[in-house]
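Notes follow once the structure below has been shown.
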Amino acid sequence: MSSAPSITATIITRNEEQRIAAAIASLSCCDEVLVVDSGSTDRTREIAERCGARVIVRDWDGYSNQKNFAAGIARHEWILSVDADERLSVELANEITRWKLSAEGAAGSMPRRAFYFGAWIRYSGWYPDRKIRLYDRRRGLWTGDFVHEALKVDGPVFGFTADLLHFPYRDWTDHLARIDRYTLLAAMAARKSGRRGNILRLLFGPPLSFLKTFVVRAGFMDGWRGLLIAAAAARYVFLREFRILR
């Protein structure tokens with residue numbers, strides 16, 4: 001029987017001093033924590049090192065490139081890629097520890113549950129929101145130039161049942177700022193791919209996005225938080241289409 005594989009957890013950061021310690025503390029199932037920081041001006045690097053992480057500074061080169069760089073310099077072949085605003089639940093950390101006994105597949109996906117304005121979101125299209133985060137770097141590669149990077153895996157993907165916990169926004173202002181930044185990147189990606197702006201998508205996309213989130217995906221079951229999520233989804237579509245048209 002082969003020995004249990006070792007895992008390197010990778011985190012890409014910039015100015016995450018408020019969240020990096022909790023993220024690292026949740027990674028008890030990993031054998032190394034590697035932080036690749038893109039020029040933080042706060043105490044992110046100091047806190048990460050104090051928590052036992054190996055910290056490398058590298059200029060920002062896009063989400064996929066940054067994550068692929070982190071995987072490439074990891075000390076172990078198996079990579080667990082998490083963000084600073086994510087935590088492994090105790091149940092997920094234990095499940096990964098048990099998985100080490102068999103180490104099946106080329107990658108593993110896990111459901112991600114988001115905490116939003118004081119509550120866990122169960123609907124609105126936000127759950128289970130499965131993400132492939134544990135993978136053999138010899139069989140996985142991050143792709144995507146601007147935003148919404150994805151992991152391409154050569155081989156079978158198994159599924160964990162326990163949750164990856166996500167704390168995406170500090171407040172409503174932070175949520176709006178993220179939408180502004182991501183729609184700018186999404187518009188850049190669309191123009192690079194040759195997609196042209198469409199006035200119909202600008203006019204009808206936002207209300208359709210709202211209805212899809214709030215009604216079709218049962219956002220109303222999340223109460224007023226679901227209403228905010230639906231409104232934010234509509235705003236995202238409007239700004240993205242508006243910026244593609246410009």
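FYI, the numbering just counts along the sequence from 1.
A distance-only check finds a donor-acceptor pair linking the side chain of Thr183 to the backbone of Ile179 [under 3.5 Å].
Side chains of Met221 and Arg122 form no contact here, defined as non-hydrogen atoms less than 4.5 Å apart. With contacts defined as side-chain heavy-atom distances shorter than 4.5 Å, the pair Lys67/Ile12 qualifies. Counting heavy atoms from C-beta outward, Leu202 and Phe238 have side chains that approach closer than 4.5 Å. Counting only heavy atoms from C-beta outward, the side chains of Asp61 and Phe69 never approach each other to under 4.5 Å. Inter-residue side-chain proximity for Met110 and Leu80 is flagged as met; some heavy-atom pair is nearer than 4.5 Å.
Annotation: cation-pi pair Arg113/Tyr127 present, NZ/CZ under 6.0 Å from the ring centroid and within 45° of its normal.
Enclosure of atom CZ in Phe158 by more than 12 non-hydrogen atoms of other residues, nucleotides or ligands within 6.0 angstrom is indicated. In this structure, Arg130 places its CZ atom where more than 12 heavy-atom neighbours from other residues, nucleotides or ligands lie under 6.0 Å away.
Clustering ILVMFWY residues whenever any of their side-chain heavy atoms sit less than 4.5 angstrom apart, transitively, puts Ile121 in the very cluster that holds Leu176. Taking hydrophobic clusters as Ile, Leu, Val, Met, Phe, Trp and Tyr residues chained together by side-chain heavy-atom distances below 4.5 Å, Ile244 does not share a cluster with Leu239.
Listed by first and then second residue, the side chain to side chain donor-acceptor pair (under 3.5 Å) pairs involving residues 210-232 are Ser124-Asp222 (not counting sequence neighbours). Annotation: salt bridge (Lys or Arg N to Asp or Glu O under 4.0 Å) contacts involving residues 230-246, sequence neighbours excluded, comprise Asp180-Arg243, Arg195-Glu241, Arg201-Glu241. The ring pair (Phe, Tyr, Trp, His ring centres under 6.0 Å) contacts involving residues 18-39 comprise nothing, where partners must be two or more places apart or lie in separate chains. Among residues at least two apart or in separate chains, salt bridge (Lys or Arg N to Asp or Glu O under 4.0 Å) pairs with a member in residues 92-112 are Asp31-Lys100, Glu86-Arg112, Arg112-Asp129. The salt bridge (Lys or Arg N to Asp or Glu O under 4.0 Å) contacts involving residues 11-29 comprise Glu16-Arg19, Glu16-Arg170, where partners must be two or more places apart or lie in separate chains.
Taking the side chain to side chain contact (heavy atoms under 4.5 Å, CB included) definition, one finds that Ala70 meets it with Thr10, Leu34, Val36, sequence neighbours left out. Scanning for ring-ring contact (aromatic ring centres under 6.0 Å, His included) contacts around His175 gives Tyr116, Tyr169, Trp172, with sequence neighbours left out. Leu227 meets the side chain to side chain contact (heavy atoms under 4.5 Å, CB included) test with Phe210, Phe214; sequence neighbours excluded. Checked against side chain to side chain contact (heavy atoms under 4.5 Å, CB included), Ala103 has the following partners two or more places apart in sequence or in another chain: Pro5, Trp99. Applying the ring-ring contact (aromatic ring centres under 6.0 Å, His included) test to Trp120 and every residue at least two apart in sequence or in another chain returns Phe115, Phe167. Every side chain to side chain contact (heavy atoms under 4.5 Å, CB included) that Glu46 has, sequence neighbours left out, goes to Arg43, Arg50.
Here Val157 is tied into one hydrophobic group with Ile79, Ile132, Tyr135, Trp142, Leu151, Val153, each link being a pair of ILVMFWY side chains closer than 4.5 Å.
Taking the six-membered ring where the residue is Trp, Trp60 and Tyr63 present perpendicular rings, their angle passing 60° and hence far from 30°.
Interatomic distance, CG of Asn68 versus OG1 of Thr143, reported as 8.5 Å (0.5 Å rounding).
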